[in-house]
Structure formats: structure tokens, C-alpha cells
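As C-alpha cells, the structure follows; a few thoughts come after it.
In what follows, every heavy atom counts, from backbone to side chain, and hydrogens, waters and symmetry copies are set aside.
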Amino acid sequence: MRLPLLRPPLHRVRALGRPSVRALMNLRELISALNDFASPSLAESWDNVGLLVEPSPPHTVNTLFLTNDLTEEVMEEAVQKKADLVLSYHPPIFTPLKRVTWKTWKERLVVRALENRIGIYSPHTAYDAVPHGVNNWLAKGLGACTSVPLHPSTAPSSPSEGTHRVEFCADAEHLDAVLSKIKGIPDISCLTTLPARVEGEEQTRVSLMCSQKALLEVVALLSQNSLLYPKTEILLLQKPLLPHTGMGRLCTLSEPVPLSDIIERVKGHLQLPHVRVALGAGRTLESPVKKAALCAGSGSSVLKGTEADLYLTGEMSHHDVLDAVANGISVILCEHSNTERGFLSELRDALAIHLQNKINIIVSEKDRDPLQPPPPYPNSLTSPLEEVHYLKSSQNCYKTPLWHTPGASFRFDCARV
């Protein structure tokens, strides 16, 4: 008797339609591959990125679990789905922990992770910077456009020998004495000498690289010689810019598009029922948008001062919105993590290719933005809420306090956003 083949139900998200795999990767091997995908050196200096929680070695990874925010609910989901490593876009450990107890929710995350041998890795602003990262994904919501970083990243390891290059010419009478003293200064490198002719005289051109601190000593030494100092050149060594890499994006649309159309595109891309909009001074919903500056998450500091028709981000401070509006720039706010979370599906597929489908990669189903529409109130209750009106007659968004009647929903007048 031939037994029928029973296929177990598929519980894991399969990248690019390929079959589920059961290969393993050593944690260190996987972390190295993730760092190659987006170097932690591209993250902002204030950020806390990389491997944050590591189970005792050896630790192998079969399932990589992606989330935007690692909450306790998401951690329990990771445990249930037998994750070996959680990639949390936002670092769950940001401010230093003085203890690891059961008292606070972030401490409990660490406890639960270690109890279940789950590592935690966070890329955060490194994923903001890379060309295949969060900001480029967000830019796709605008439609056909070209984009450049608002704040380009520089090569992290270049130059490695110093911050300045110093060049000067010396005659044979002074050369040996000057070189002897220069060689005694710390942080001097790439010291070279070449023959040179200056004003018809045979001299030696000296070139060296040095740190900012050493530069002060070199200048002090050369300034003691009235013949050497006037012939000294000091160059500041700039790190080369990385192409298409950096914070924020300035997007130029292929053709001008009415703001109302951009709003609908953004809502569709982020799968949101509504967004918040502030119209720039002198602008309407039909005003054309040609240039849009965007930054996933909280974009105030990245967008500030950028000339554009539109700012697109998750959240901005009240006063930064007022500044933008006064400068004729309209603003679309989508809530912080709504401008990031949708990237995870694209990330899953990109990592599957980068990791050669060696491990299972799944996206959290519990992860969501903490700001959600409230549930309906019981018929016997009313609740003080705010209704948002977008008035065509004004050029700003006004919030009017009112009593929210049972079963009513938020209304977005005029702009219908």
C-alpha cells in the first residue's frame, strides 16, 4: 500500500518564490554578511548599530526575523517562530542599561532574548544611508524621479594617514635640520622628498601627511624659518563622497505633479488610509510638486533648510512644520515608523539574494506603528478627541477640539487625505 505524501503547511515567508531551506549560518558569518550589505560605519555617530545581543558561542542561525520595532509582543512572536537572530531596524538598546532585570520592558527584551538564545542586530541609520535602503524605498512612493542624498556619506577609512598634507621647499643648507626635527613629531606619515627648481635654484620639495594635532607642531617649526614658511602649502584632506549614499533624499520628479496626486501616491505606497498635510504659504492642493525632500522616520534635522516644494517624512516638530510652511514648502507627515516598516518586505527579498538563500527570513506580523485609530467607544460613552480639518481657505492645517460621538470616525475635510 502506497502512503500519500503529506506536505506540511508553509508557515514561513519564502523569498522570491524559492523553496524553504534548512541551511545554517554561523552567527559571526551572518553578522559579517549583514555588515557587508550595509556597513555600520555609514550610521550616524549618535546611533547604536550592529550586534547588540549575542548568545554564548557557538550560535548558529536558521531563521532571521525582521521587524521595525522590537516590542515585547514582537519578541514573543520571534520566540514562537523559533527565530535565531532578530534584525530590528530600530535599536532596542539605545541608552546604556545599568542592569538587566525584569523591571523595564527593554531589560525584559534582553532577558527573553538570552533565555531563548536569540541574537539582536540593528542597522538603523546605516540602512537610511545605503542606496538600496529605506530612503530610496520611500522615494518610490513619489513616482518616477531621480534622487540624490541630502547629506552625502564619506568613505569611512580614507584618508587613513592624516587629516592634512603639508608641502614646502628647502635648500640644502636647511633641509637636514628641518627633516630631523619633523621626524621627531608624532603622527607624521608619508614623508617624501623630491628635487625641485624654485626661482632658478636647486631645492628639495618636502611633502608629509599629519594629524590635526601634529599640524600645529609642524607649522610652529616652519614658522621659525623666514625662508621656509612663505613657501609652505597646507591642504585639508577631504574624505571622498560615496556615490548615491547618505542621509535623506532630494527627489526631482520626471514631471510636475499636483500635491493632491502626490498625497494619494504616498498613501498607496505606505498602505495608509490617511496622512497629515500642511500646505505651504501660497500653496494649494493643486500646486505642482517638482522637487520633494524626504527622510524616513523623524526628518526635521535632515530636511531643515532644504529648498523644495514638499517635505515628506514620518514626524516633524510643530515649529519645524511652521518654518517649512512659512517658506512655501508643503509637508506630508505619515507617523514615524509608517515611513520605514514597508521596507521590510523589500529587505527580505534583498537579503535572501545577498545571503544566497542559506537561511529562512521572515517578517514580523505583530510589528506595527504604536499610533493607531482608537477602537469604537461603548454607546454610553463619549470621548474628547480632535477632528482634523484641512481648510482650502486657509494655508495651514488646523485642529479643532470636539466631542467624538459613539461610532463616529475621523473626518478629513476638503483635502480628503
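- Between R99 and E107 there is no salt bridge, since no side-chain N of the basic residue sits under 4.0 Å from a carboxylate O of the acidic one.
- Atoms CG and CG, on L259 and L279 in that order, are 6.5 Å from each other to the nearest 0.5 Å.
- In terms of heavy-atom proximity, F343 sits nearest to V134 at CD2-CG2, 3.6 Å.
- Classification of K140 and E346 as a salt-bridged pair holds, one side-chain N sitting under 4.0 Å from a carboxylate O.
- Shown here is H244, whose NE2 atom has no more than 12 heavy atoms of other residues, nucleotides or ligands within 6.0 Å.
- Within the 3.5 Å criterion, the main-chain N or O of V74 finds no donor-acceptor partner in the side chain of S364.
- The residues K291 and E307 are annotated as not salt-bridged, no charged nitrogen and carboxylate oxygen being separated by less than 4.0 angstrom.
- In this structure, CG on L312 lies 8.5 Å from CG on L303, to the nearest 0.5 angstrom.
- Pairing each heavy atom of T306 with each of I329, the nearest pair is O-CD1, 3.7 Å.
- A salt bridge links R276 and E335; the closest N-O separation between the charged side-chain nitrogens and carboxylate oxygens is under 4.0 Å.
- Side-chain contact between V166 and C210 is present, with heavy atoms from C-beta onward closer than 4.5 Å.
- Here the two rings, on H132 and Y127, have centers that are 6.0 Å apart or farther.
- Remark: E167 engages R165 in a salt bridge, criterion side-chain N to carboxylate O under 4.0 Å.
- A 4.5 Å side-chain heavy-atom check between I120 and L70 finds at least one atom pair inside the cut-off.
- One finds no salt bridge joining D69 and R368 here, because no Lys/Arg side-chain nitrogen approaches an Asp/Glu carboxylate oxygen to under 4.0 Å.
- Under the 3.5 Å distance criterion, the side-chain polar atoms of D84 are matched with a main-chain donor or acceptor of N62.
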Verdict with supporting geometry, V206 and T192, side-chain contact (heavy atoms from CB on, under 4.5 Å): CA-CA 6 Å; V206 180; T192 60; over 6 Å; no

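- By the 4.5 Å heavy-atom criterion applied to side chains, L294 and N135 are counted as neighbours.
- Looking at S88, its side chain never comes within 3.5 Å of a backbone N or O of P91 through a donor-acceptor pair.
- Not one N or O on the side chain of D128 forms a donor-acceptor pair closer than 3.5 Å with the backbone of M247.
- Proximity of a side-chain donor or acceptor of R348 to a complementary backbone N or O of V363 within less than 3.5 Å is not detected.
- Between the side chain of D320 and the backbone N or O of M316 there is no donor-acceptor pair closer than 3.5 Å.
- Judged purely by distance below 3.5 Å, without hydrogens or angles, the side chains of E340 and S337 never pair a donor atom with an acceptor atom.
- In this structure the side chain of F168 reaches within 4.5 angstrom of the side chain of V178, judged on heavy atoms.
- At distances below 3.5 Å, at least one donor-acceptor pair connects side-chain atoms of R108 with backbone N or O atoms of W102.
- Between the T245 side chain and the S153 main chain, no donor and acceptor come within less than 3.5 Å of each other.
- Within a 6.0 Å sphere centred on NZ of K366, other residues, nucleotides and ligands contribute 12 heavy atoms or fewer.
- Taking each heavy atom of C145 and C251 in turn, the nearest pair found is SG-CB, 4.0 Å.
- Interatomic distance, OG1 of T125 versus CG of D47, reported as 3.5 Å (0.5 Å rounding).
- Side-chain N or O atoms of S223 include one that pairs as donor or acceptor with a backbone N or O of V219 at under 3.5 Å.
- Between N26 and T60, the side chains place no donor N or O within less than 3.5 Å of an acceptor N or O (distance only, hydrogens not considered).
- Residue E115 qualifies as enclosed at atom CD: its count of foreign heavy atoms under 6.0 Å is above 12.
- Residues P240 and T154 have side chains not in contact (no heavy-atom distance under 4.5 Å, counting atoms from C-beta outward).
- L272 places a side-chain heavy atom less than 4.5 Å from the side chain of V275.
- Salt bridge annotation for K81-E76: absent, with no cationic side-chain nitrogen under 4.0 angstrom from a carboxylate oxygen.
- The existence of a salt bridge linking E54 and R117 is excluded, since no basic side-chain nitrogen approaches an acidic carboxylate oxygen closer than 4.0 Å.
- Counting heavy atoms from C-beta outward, T63 and I359 have side chains that stay 4.5 Å or more apart.
- Counting heavy atoms from C-beta outward, D369 and R341 have side chains that approach closer than 4.5 Å.
- Under the side chain to side chain contact (heavy atoms under 4.5 Å, CB included) rule, L310 has a single partner from V331, L253, V266, V289, which is V289.
- Using a 3.5 Å distance cut-off with no hydrogens or angles, the side chains of Y89 and D367 do not pair a donor with an acceptor.
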